[in-house]
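Below, chains carry the letters A, B, ... as their sequence lines are ordered, and counting in each starts from 1.
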Number of protein chains: 2
Amino acid sequence: MTQKKRPHHHGNLREALILAGLELMVEGGPDALSLRKCAARAGVSHAAPAHHFKGLSSLELAIVARGHAMFAEFMIAARGKAEDAPHAQLSAICAGYIQFSCEHSALFKFMFLPREIRPDLFDSVTWEQFTIESSASYQVLRDACLPFETGAADGLATEVMVWSLVHGYAMLFSGQSRLASHDVAIPDFAQILPMLALKAV
Amino acid sequence: MTQKKRPHHHGNLREALILAGLELMVEGGPDALSLRKCAARAGVSHAAPAHHFKGLSSLELAIVARGHAMFAEFMIAARGKAEDAPHAQLSAICAGYIQFSCEHSALFKFMFLPREIRPDLFDSVTWEQFTIESSASYQVLRDACLPFETGAADGLATEVMVWSLVHGYAMLFSGQSRLASHDVAIPDFAQILPMLALKAV
DNA sequence: GTAATAAATTTGACACTGTCAAGTCTTGTG
DNA sequence: CACAAGACTTGACAGTGTCAAATTTATTAC
């Protein structure tokens with residue numbers, strides 16, 4: 001049976017390219033991601049993405065934005081299952097953070113790859129999506145730390161400490177990546193967080 | 001004056017390629033690194049590196065190993081200037097960690113890019129250098145945490161906590177990268193570490 | 001309904017890159 | 001000195017990002 005040739009107008013190519021990129025990432029890691037492969041998977045020619053993205057780096061940032069949306073969902077879902085006490089909320093959100101980094105290991109690392117973040121480097125749609133979604137995901141953790149901040153003199157010390165800790169742990173110890181491999185079992189993050197002995201004020 | 005054509009035998013090409021790679025990294029970030037550019041900078045043809053490295057990923061790992069050597073030097077130098085007390089030693093080593101991540105921001109991030117770490121993927125010289133240097137740099141921090149470990153039940157909890165914290169802070173807040181940009185000043189890491197209230201045993 | 005315009009593609013080309021194979025030059029060994 | 005091994009060079013190919021021109025489709029105005 002002859003295959004119906006797709007007409008010139010895709011209809012929702014931007015979204016299709018982002019989804020194709022997420023699939024390629026999951027299947028083969030960040031090195032498997034390319035504009036031409038995304039275009040092929042979306043059923044268009046190699047130059048079609050140029051109308052929607054300001055080059056490969058814009059498509060990558062759009063994928064990062066999508067990752068932040070999923071990331072925030074994980075933390076919010078975890079928070080929803082916890083008791084109202086500040087410690088319980090913070091523990092749950094951190095658990096969601098670590099769970100996402102385990103279950104979406106490649107995407108999580110891809111999200112935090114070093115890249116130049118400047119509005120003039122990306123198309124405006126992608127830039128707006130990225131700033132909204134990354135701020136929203138960070139705000140989940142930030143809100144959870146508020147009850148523990150001690151005052152203006154310390155500024156954001158608790159927030160910075162908690163985010164450093166959970167992010168460092170996610171980068172170094174979660175998922176398949178265990179940069180420091182040795183024979184002793186790595187403690188769960190649930191064992192680490194209480195060691196901070198945080199006090200709500 | 002006619003330029004003297006380099007004969008076919010470089011003499012120390014492996015080292016020259018690594019140094020060329022470090023230079024390209026400093027000048028233009030990780031995207032500026034390529035086998036052909038390193039070869040050109042070392043004054044050889046594009047295929048010459050193949051005799052010394054099992055592809056681009058081997059050259060990258062050799063650069064990472066070099067980074068770990070420099071990294072360890074930073075922490076050891078910082079430790080050398082501190083008092084003998086466990087707290088002072090740990091604080092100094094963490095300060096060296098953060099200092100390296102600031103002063104060699106691109107290299108530091110490059111060192112911790114996600115990559116597949118399996119011996120069969122690299123030439124044996126590169127693999128050996130990498131395992132030696134990365135173990136050595138990690139061991140500096142590990143040694144500093146030993147006085148604070150509480151016992152077998154906790155395993156490596158303090159070490160994991162401290163490494164997560166300092167690495168997360170270095171990734172998120174040091175150098176030019178400030179992923180979470182907002183108006184309040186980020187506290188120095190020297191303010192964060194005492195919040196752990198670590199007790200030597 | 002038609003014409004004009006804009007949007008959304010496709011086609012083709014170029015430069016850069018990694019990798020491979022064959023060939024050539026240099027060094028080391030017997 | 002001859003041979004073998006090491007260390008390159010040359011040439012080619014596939015994949016990639018990006019650009020420009022051409023083509024098709026959708027939208028808008030009348």
Side-chain angles (χ1 to χ4, degrees), chain A residues 3-21 23-25 27-63 110 113 115-116 120-126, chain B residues 3-21 23-25 27-63 110 113 115-116 120-126:
Chain A
Q3 192 147 356
K4 193 174 178 184
K5 191 177 224 170
R6 184 194 284 279
H8 264 60
H9 204 283
H10 183 280
N12 198 19
L13 182 55
R14 188 175 192 286
E15 183 64 19
L17 290 167
I18 294 172
L19 293 180
E23 287 171 15
L24 286 163
M25 178 85 54
E27 288 163 22
D31 290 339
L33 181 68
S34 75
L35 275 175
R36 289 195 187 221
K37 283 177 187 159
C38 289
R41 201 165 276 219
V44 293
S45 72
H46 61 273
H51 183 74
H52 299 274
F53 297 102
K54 200 174 174 183
L56 174 62
S57 58
S58 269
L59 175 58
E60 290 179 338
L61 201 70
I63 293 169
F110 181 75
L113 286 179
R115 46 177 67 87
E116 251 186 308
D120 59 290
L121 296 178
F122 309 99
D123 59 85
S124 59
V125 174
T126 300
Chain B
Q3 193 144 354
K4 191 174 179 184
K5 192 176 221 171
R6 183 194 285 276
H8 266 55
H9 204 281
H10 183 281
N12 197 19
L13 183 55
R14 188 176 192 286
E15 184 63 21
L17 292 167
I18 293 171
L19 293 180
E23 286 171 15
L24 286 163
M25 177 87 56
E27 288 163 22
D31 290 339
L33 182 68
S34 76
L35 275 175
R36 288 193 186 221
K37 284 176 186 160
C38 289
R41 200 165 278 217
V44 293
S45 73
H46 60 273
H51 184 76
H52 298 275
F53 297 102
K54 201 175 173 184
L56 175 62
S57 58
S58 269
L59 174 59
E60 289 179 340
L61 202 71
I63 292 170
F110 181 75
L113 286 179
R115 45 177 67 85
E116 251 185 309
D120 59 291
L121 297 177
F122 308 99
D123 58 87
S124 59
V125 174
T126 300

Dump every N/O contact between nucleotides 14-21 of chain C and the protein below 3.5 Å, one line per pair.
unit_1: C:dT17; atom_1: OP1; unit_2: B:Lys37; atom_2: NZ; d: 3.1
unit_1: C:dG18; atom_1: OP1; unit_2: B:Leu35; atom_2: N; d: 3.1
unit_1: C:dG18; atom_1: OP2; unit_2: B:Leu35; atom_2: N; d: 3.0
unit_1: C:dG18; atom_1: OP2; unit_2: B:Arg36; atom_2: N; d: 3.2
unit_1: C:dG18; atom_1: N7; unit_2: B:Arg36; atom_2: NE; d: 3.1
unit_1: C:dG18; atom_1: N7; unit_2: B:Arg36; atom_2: NH2; d: 3.0
unit_1: C:dG18; atom_1: O6; unit_2: B:Arg36; atom_2: NH2; d: 2.4
unit_1: C:dT19; atom_1: OP2; unit_2: B:Leu56; atom_2: N; d: 3.0
unit_1: C:dT19; atom_1: O4; unit_2: B:Arg36; atom_2: NH2; d: 3.2

### Task
Could you tell me the separation between the CG atom of B:Leu17 and the C1' atom of D:dC8, rounded to a whole number of Å?
12 Å
### Message
Distance check needed: D:dA7 P versus B:Asp123 CG, whole Å only.
### Response
12 Å
### Task
Establish, with yes or no, whether the OP1 or OP2 oxygen of C:dT9 is under 4.0 angstrom from a side-chain nitrogen or oxygen of A:His52.
yes
### Message
Considering only residues two or more places apart or on different chains, which pairs with a residue in residues 42-53 of chain B satisfy salt bridge (Lys or Arg N to Asp or Glu O under 4.0 Å)?
### Response
none
### Any residue meeting side chain to side chain donor-acceptor pair (under 3.5 Å) with B:Arg14, in chain and number order, not counting sequence neighbours
B:Thr126, B:Gln129
### Separation of C:dA7 P from A:Arg14 CZ (nearest whole Å)
17 Å
### Query
Is any side-chain heavy atom of B:Phe110 less than 4.5 Å from a side-chain heavy atom of B:Arg115?
yes
### Query
How long is the span from the CG atom in B:Leu24 to the CG atom in B:Leu19, to the nearest 0.5 Å?
11.0 Å
Result block: side-chain N/O donor-acceptor pairs under 3.5 angstrom for residues 45-55 of chain A, not counting sequence neighbours:
unit_1: A:Lys54; atom_1: NZ; unit_2: A:Asp120; atom_2: O; d: 2.6

Show me the side-chain donor-acceptor pairs of residues 30-42 of chain B shorter than 3.5 Å, one per line, residues at least two apart or across chains.
unit_1: B:Ser34; atom_1: OG; unit_2: B:Lys37; atom_2: N; d: 3.1
unit_1: B:Arg41; atom_1: NH1; unit_2: B:Glu23; atom_2: OE1; d: 3.0
unit_1: B:Arg41; atom_1: NH1; unit_2: B:Glu27; atom_2: OE1; d: 3.4
unit_1: B:Arg41; atom_1: NH1; unit_2: B:Glu27; atom_2: OE2; d: 3.0
unit_1: B:Arg41; atom_1: NH2; unit_2: B:Glu27; atom_2: OE1; d: 3.1

### Message
What does the B/S/- profile of nucleotides 25-30 of chain C look like, 5' to 3', with a 4.0 Å heavy-atom cutoff to protein?
### Response
SSS---
